[in-house]
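FYI, the numbering just counts along the sequence from 1.
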Amino acid sequence: MQFDFSRLDPRDGYKLMVSTVAPRPIAWVVTESPAGQLNAGPFSFFNAFSGDPPVVGIGIGKRGAVMKDTARNIEATGEFVINLVSEEMIHEMNITGIEVGPEVNEIVEAKLAMAPSVRIKPPRIAASPVALECERVTAIDIGDARVIVIGRVLLMHVRDDCVLDAQRCYIDTPKLHLVGRMHGRGWYVRT
């Protein structure tokens, strides 16, 4: 079967992409507006693109004609934290994925404890086993519906009990209990 994306409704193209490019890691992104309002949201159009320099990318959609708070905050401040999601945190992550206005603090709604970042202003999610402090390198508009944010990782936090050998940068990846997104709402895969 062939699917010609130039002839498909964008919703159908989305369904094909998320049901075939799987599993996808989840970037649980924390940003801060210029006014100091924190925002958290999960994005499964995310991955690492380079190790030298350390670079990640996130695809952020729009809500109607308006860019999501995450993208607006990154554009305004140039800073964001990517928290990776463990299976123990799926419920809280899903709460932060609910579509709400910018006046609602998803972090408060999900009852998340935050920890300070070292190199940037937005804090990280304390319980996340891995957090990447990032600065925006560039953002690429790819049409009316989406922007791809490319960020350089400045500093990585890894939960102490998941580090096998800090000197040699060996991580106990299975112990992180990271999840990836499959297609559909609430369908995840474990490492």
Side-chain angles (χ1 to χ4, degrees), residues 14 17-31 38-61 68 70-71 73-74 79-98 106-107 109-120 122-137 146 148-191:
Y14 171 83
M17 292 293 288
V18 300
S19 63
T20 59
V21 181
R24 295 179 313 283
I26 302 167
W28 199 2
V29 183
V30 174
T31 59
L38 293 178
N39 175 271
F43 298 88
S44 66
F45 280 96
F46 155 70
N47 219 312
F49 294 143
S50 172
D52 183 18
V55 173
V56 294
I58 313 163
I60 304 172
K68 288 186 177 181
T70 299
N73 291 345
I74 292 171
E79 298 181 335
F80 57 101
V81 180
I82 293 177
N83 302 273
L84 300 184
V85 181
S86 68
E87 61 183 293
E88 297 84 6
M89 303 174 73
I90 290 174
H91 176 71
E92 292 83 356
M93 184 265 307
N94 279 326
I95 290 171
T96 65
I98 296 170
E106 298 90 350
I107 294 166
E109 295 297 317
K111 298 179 176 86
L112 294 171
M114 304 303 287
S117 291
V118 174
R119 302 273 308 271
I120 62 173
R124 58 193 171 91
I125 297 170
S128 176
V130 178
L132 312 172
E133 295 185 23
C134 302
E135 68 179 0
R136 180 177 50 89
V137 173
R146 187 164 297 274
I148 296 175
V149 174
I150 306 295
R152 183 179 187 130
V153 179
L154 302 176
L155 190 136
M156 177 186 288
H157 302 266
V158 179
R159 199 173 67 214
D160 289 349
D161 67 318
C162 296
V163 177
L164 295 171
D165 184 336
Q167 193 76 24
R168 297 168 71 188
C169 298
Y170 289 165
I171 304 299
D172 187 349
T173 304
K175 194 170 187 176
L176 298 171
H177 296 170
L178 299 177
V179 295
R181 180 81 187 268
M182 299 298 282
H183 75 282
R185 189 169 292 277
W187 188 18
Y188 302 100
V189 64
R190 297 177 222 177
T191 51

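The closest donor-acceptor contact from the side chain of E133 to the backbone of V118 lies under 3.5 Å. In this structure a side-chain-to-backbone donor-acceptor pair under 3.5 Å is missing from N83 to R124. Judged purely by atom type and a 3.5 angstrom limit, K175 uses its side chain to pair as donor or acceptor with the backbone of D161.
Closest of all the heavy-atom pairs between G57 and I150 is CA-CD1, 4.2 Å. Contact record, P129 with L84: CD-O, 3.6 Å, taken as the closest heavy-atom pair. The minimum heavy-atom distance between E79 and R119, with the atom names listed, is OE2-O, 4.4 Å. For the pair V18 and R24, the tightest heavy-atom approach, listed with the atom from each and the gap, is O-NH1, 3.1 Å. Listed here is the closest heavy atom pair of R152 and V137: N-CG2, 3.6 Å. Here the closest non-hydrogen pair linking V81 and A131 is CG1-CB, 4.0 Å.
Between L154 and I120 the shortest side-chain heavy-atom distance falls below 4.5 Å. Side-chain contact between I98 and E106: absent, with no pair of heavy atoms (C-beta onward) separated by less than 4.5 Å. At least one side-chain heavy atom of I26 sits less than 4.5 Å from a side-chain heavy atom of V179.
Within the model, atoms OH of Y14 and CZ of F45 stand 5.5 Å from one another, a figure rounded to the nearest 0.5 Å. One distance of note links CZ of F49 with CD1 of I148; it measures 7.0 Å at 0.5 Å rounding. Atom OG1 of T96 sits about 6.5 Å away from atom CD1 of I125, to the nearest 0.5 Å. Note that CG of D172 and CG of L164 are 4.5 Å apart. Values are rounded to the nearest 0.5 Å. For the atom pair CG (N73) and CG (N39), the distance works out to 5.5 Å, reported to the nearest 0.5 Å. For the atom pair CG of L38 and CD1 of I107, the computed distance is 4.5 Å after rounding to the nearest 0.5 Å.
For the pair R136 and F80, the cation does not sit on the ring face, since its NZ or CZ is not both under 6.0 Å from the ring centre and inside 45° of the axis. In this structure, R181 fails the cation-pi test against F43, since its NZ or CZ atom is not both closer than 6.0 Å to the six-membered ring centre and inside 45 degrees of the ring normal.
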Checklist entry - Can you list the steps and then say if V130 with R159 is a side chain to side chain contact (heavy atoms under 4.5 Å, CB included)? => result CA-CA 7 Å; V130 178; R159 199 173 67 214; over 6 Å; no
Checklist entry - Step by step, would you call L178 with Y188 a side chain to side chain contact (heavy atoms under 4.5 Å, CB included)? => result CA-CA 10 Å; L178 299 177; Y188 302 100; over 6 Å; no
Next on the checklist: I'd like to know whether L132 forms a side chain to side chain contact (heavy atoms under 4.5 Å, CB included) with H157, so could you lay out the CA-CA distance, the side-chain angles of the two residues, the decisive distance to 0.1 Å, and finally the verdict.
Outcome noted: CA-CA 6 Å; L132 312 172; H157 302 266; over 6 Å; no
Next on the checklist: The test is side chain to side chain contact (heavy atoms under 4.5 Å, CB included); show your working for I58 and I82 and say whether it passes.
Outcome noted: CA-CA 10 Å; I58 313 163; I82 293 177; 3.8 Å; yes
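With sequence neighbours excluded, no residue satisfies side chain to side chain donor-acceptor pair (under 3.5 Å) with S117. Under the side chain to side chain donor-acceptor pair (under 3.5 Å) criterion, S128 pairs with no residue at all, not counting sequence neighbours.
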Show me, pair by pair, the donor-acceptor contacts under 3.5 angstrom made by side chains of residues 85-93, not counting sequence neighbours?
unit_1 : atom_1 : unit_2 : atom_2 : d
S86    : OG     : E88    : OE1    : 2.9
E88    : OE2    : H177   : ND1    : 2.7

